[in-house]
Amino acid sequence: QVQLVESGGGPVPAGGALRLSCAVSKNEYSSNCMGWFRQAPGKEREAVAAITTGSGRTYYADSVKGRFTISQDNAKNTVYLQMNSLKPEDTAMYYCAARLGDVCLRLQSALDFRYWGQGTQVTVSS
């Protein structure tokens, strides 16, 4: 059974930074589509960033471009989301998602992902 384990969330003041990690428990593929999503209370889950592991090609939501960076460490089967210049509107539960043995063609919809982590809370105070 594939499991995704996220870590790195927490409280942070506006303008601060956090790095989220997502470790994949089992990976037999050289290429996966990995995504980060977030969901604030009362709002729909939205895609934040995506990466094709192997090629390293990335995609970002307009709201986070220039502030967030998605990256990979294939040796550790881990994907990261570096979040800089955080704003109160970035407050949400952040989820990691995976589609194994595939590539990302764009910033993927949540419906495109089979595996999900449990989420990690990010709270940005003003």
Side-chain angles (χ1 to χ4, degrees):
Q1 181 71 16
V2 176
Q3 290 185 322
L4 306 182
V5 180
E6 300 126 333
S7 61
V12 62
L18 283 174
R19 188 178 80 157
L20 306 183
S21 300
C22 172
V24 183
S25 63
K26 290 177 59 177
N27 179 28
E28 302 174 348
Y29 304 97
S30 60
S31 178
N32 303 309
C33 178
M34 301 292 296
W36 283 100
F37 291 78
R38 66 186 181 186
Q39 188 167 19
K43 294 189 177 181
E44 292 186 356
R45 189 168 297 191
E46 65 169 336
V48 173
I51 186 169
T52 296
T53 62
S55 73
R57 185 163 185 176
T58 59
Y59 302 88
Y60 295 95
D62 288 342
S63 58
V64 305
K65 279 181 183 176
R67 300 189 299 122
F68 290 12
T69 302
I70 188 170
S71 62
Q72 59 182 327
D73 184 335
N74 290 334
K76 296 181 179 180
N77 286 331
T78 300
V79 172
Y80 304 97
L81 185 68
Q82 177 67 43
M83 305 185 295
N84 298 329
S85 302
L86 282 161
K87 305 174 181 180
E89 51 264 42
D90 294 318
T91 295
M93 185 72 79
Y94 282 72
Y95 297 90
C96 175
R99 194 169 72 240
L100 302 182
D102 207 343
V103 299
C104 301
L105 299 176
R106 59 188 181 281
L107 194 63
Q108 308 278 168
S109 161
L111 296 175
D112 294 331
F113 290 88
R114 177 178 180 181
Y115 300 103
W116 290 84
Q118 79 286 355
T120 185
Q121 178 69 38
V122 172
T123 302
V124 185
S125 58
S126 57

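None of these values were measured; they are calculated from a predicted model.
Residue pairs satisfying the disulfide bond (SG atoms under 2.5 Å apart) criterion with at least one member in residues 29-87, sequence neighbours excluded, are listed as follows: C33-C104. The ring-ring contact (aromatic ring centres under 6.0 Å, His included) pairs that include a residue from residues 56-112 number zero, where partners must be two or more places apart or lie in different chains.
The minimum heavy-atom distance linking D112 with R99 is given by the pair O-CD, 3.0 Å. Summarising the geometry of C22 relative to W36, their closest heavy-atom pair is CB-CZ2, 3.6 Å, with the distance given to 0.1 Å. Here the closest heavy-atom approach between residue A17 and residue N84 is recorded as CB-OD1, 3.4 Å.
Atoms OG1 and CD, from T58 and Q72 in turn, are 10.0 Å apart once rounded to the nearest 0.5 Å. If you take CG on N32 and CG on N77, they are separated by 8.0 Å, rounding to the nearest 0.5 Å. Rounded to the nearest 0.5 Å, atoms CG (L4) and CE (M34) are 5.5 Å apart. The CZ atom of R57 sits 14.0 Å away from atom CD1 of I70, with the distance rounded to the nearest 0.5 Å. K26 NZ to Q3 CD: the interatomic distance, rounded to the nearest 0.5 Å, is 10.0 Å. Rounding to the nearest 0.5 angstrom, the gap separating the CD atom in E46 from the CZ atom in R38 is 4.5 Å.
Between K87 and D90 there is no salt bridge, since no side-chain N of the basic residue sits under 4.0 Å from a carboxylate O of the acidic one.
Under the 4.5 Å side-chain heavy-atom criterion for ILVMFWY residues, a single connected hydrophobic cluster contains both V12 and V64. The cluster map of Ile, Leu, Val, Met, Phe, Trp and Tyr, joined by side-chain heavy atoms under 4.5 Å apart, puts V48 and L20 in the same cluster. Transitive grouping of hydrophobic side chains (ILVMFWY, heavy atoms separated by less than 4.5 Å) keeps F37 and I51 in distinct clusters. A continuous path of hydrophobic side-chain contacts links Y29 to V24 [ILVMFWY only; heavy atoms under 4.5 Å].
A distance-only check finds no donor-acceptor pair linking the side chain of T52 to the backbone of V103 [under 3.5 Å]. Under a 3.5 Å cut-off, the side chain of T78 and the backbone N or O of D73 do not form any donor-acceptor pair.
Counting heavy atoms from C-beta on, the side chains of Q108 and L105 come closer than 4.5 Å.
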Identify each donor-acceptor pair in which a side-chain atom of residues 115-126 lies under 3.5 Å from a protein atom, sequence neighbours left out, and give them as a table.
| residue | atom | partner | partner atom | Å |
| --- | --- | --- | --- | --- |
| W116 | NE1 | F113 | O | 3.4 |
| Q118 | NE2 | E6 | O | 3.2 |
| T120 | OG1 | G9 | N | 3.1 |
| Q121 | NE2 | A92 | O | 3.4 |
| Q121 | NE2 | T123 | OG1 | 3.4 |

